[in-house]
Amino acid sequence: MIQKIAFCGYAAAGKSEAAKVLVASGWQDHSFGTIIKRRLDGLVKETFGFSAFTENREQKVKIRTLLEQMGECAYDIIFDEYFATMPPRAVNARLVRIKEAEAWKAIGGRIVLIERDHVCAATPWEHDMLSALIESSLIDHTIANNTSIDDLHVAVVGYALTLP
């Protein structure tokens, strides 16, 4: 049985929401972003007055470029830590780069693109990374998130149940 699902897509497309239903079913949330945010949390708190783990959209906008840059500057270190700490049953709510996708697939993981009408890239970097990932043909499935959260959850669970 496949025990690893990663979601890709633009910010606000519903990746975290899609992951929540799997986490509620016993999967462990495991993403690059968690490592990056943990490494930057003190600096973000000191500089901006809120946590790097914020769920507030306005606050996320303020730190998005910082998180992206940290991910780029320390990519190899974060990559190694990420795959060295991989739990047996993992969901990644923020798969971004081709190297991550290839490594994810190499350990038997599946990649699902979450699309939502009228949601665009938050930054040029995000656009470029997702475009490259889509062109790579590494994505296994696409879920449209254009109705309700319940419908998104049903689609995610339905996909997960079809996996061998």
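Hydrogens, waters and symmetry mates play no part in the numbers below; they use all other heavy atoms, side chains included.
- When every heavy atom of A160 is checked against every heavy atom of I5, the shortest pair comes out as CB-CD1, 3.9 Å.
- A donor-acceptor pair is defined here as one N or O able to donate and one able to accept, closer than 3.5 Å; no such pair exists between the side chain of T34 and the backbone of H30.
- Pairs passing the ring pair (Phe, Tyr, Trp, His ring centres under 6.0 Å) check and including a residue from residues 118-154, sequence neighbours excluded, read H141-Y159.
- By the side-chain contact (heavy atoms from CB on, under 4.5 Å) test, E115 pairs with L113, T142, sequence neighbours left out.
- Judged as a salt bridge (Lys or Arg N to Asp or Glu O under 4.0 Å), the pairs with a partner in residues 9-35 (not counting sequence neighbours) are, in order, E17-K20.
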Per-pair distances, 0.1 Å, donor-acceptor, side chain in residues 92-100, under 3.5 Å, sequence neighbours excluded:
residue	atom	partner	partner atom	Å
N92	OD1	R94	N	2.8
N92	OD1	L95	N	3.4
N92	ND2	Y82	OH	3.0
R94	NH2	S16	OG	2.7
R97	NE	E72	OE2	3.2
R97	NH1	E100	OE2	2.7
R97	NH2	E72	OE2	3.2
K99	NZ	D76	OD1	3.4
E100	OE1	V96	N	3.2

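- Counting only distance, with no hydrogens or angles, the side chain of D41 and the backbone of S51 share no donor-acceptor pair below 3.5 Å.
- No continuous path of hydrophobic side-chain contacts links V154 to V23 [ILVMFWY only; heavy atoms under 4.5 Å].
- When every heavy atom of I111 is checked against every heavy atom of C8, the shortest pair comes out as CG2-SG, 4.0 Å.
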Inset, instruction - Kindly determine whether R64 and K60 satisfy side chain to side chain contact (heavy atoms under 4.5 Å, CB included), including the steps that lead there. - result: CA-CA 6 Å; R64 183 172 309 282; K60 283 182 174 185; 4.3 Å; yes
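- A distance of 9.5 Å separates CZ of R38 from CD1 of I78, quoted to the nearest 0.5 Å.
- Within the structure, ring pair (Phe, Tyr, Trp, His ring centres under 6.0 Å) pairs that include any residue of residues 84-112 do not occur (at least two apart or interchain).
- Atom CZ of R39 is separated from atom CD1 of I77 by 6.5 Å, given to the nearest 0.5 angstrom.
- Inter-residue side-chain proximity for V91 and F7 is flagged as met; some heavy-atom pair is nearer than 4.5 Å.
- Expressed to the nearest 0.5 Å, how far CD of E68 lies from SG of C73 amounts to 11.5 Å.
- A pairwise comparison of heavy atoms in P87 and Q28 identifies CB-OE1, 3.2 Å as the closest pair.
- Rounding to the nearest 0.5 Å places CG of L138 at 6.5 Å from CG of L133.
- Partners of Y75 according to the ring pair (Phe, Tyr, Trp, His ring centres under 6.0 Å) rule, which considers only residues two or more places apart in sequence or in another chain, are F32, F79.
- Note: I143 CD1 to I114 CD1 = 4.5 Å, rounded to the nearest 0.5 Å.
- Closest non-hydrogen pair, I36 versus L67, comes out as CG2-O, 3.7 Å.
- A distance-only check finds a donor-acceptor pair linking the side chain of N145 to the backbone of A13 [under 3.5 Å].
- A distance-only check finds no donor-acceptor pair linking the side chain of E81 to the backbone of I35 [under 3.5 Å].
- Taking each heavy atom of W27 and A90 in turn, the nearest pair found is CE3-O, 3.3 Å.
- K4 places a side-chain N or O within 3.5 Å of a backbone atom of P88 that can act as its donor or acceptor partner.
- V61 has its side chain out of reach of R57: every pair of non-hydrogen atoms, C-beta onward, lies at least 4.5 Å apart.
- For the atom pair NZ of K105 and CG of D140, the computed distance is 3.0 Å after rounding to the nearest 0.5 Å.
- There is a path of hydrophobic side-chain contacts, each under 4.5 Å, that joins L163 to L152.
- If you chain together hydrophobic residues whose side chains sit under 4.5 Å apart, I149 and V119 never meet in one group.
- Between F48 and T54, every side-chain heavy-atom pair lies at or beyond the 4.5 Å cut-off.
- Closest non-hydrogen pair, F83 versus A103, comes out as CZ-CB, 3.4 Å.
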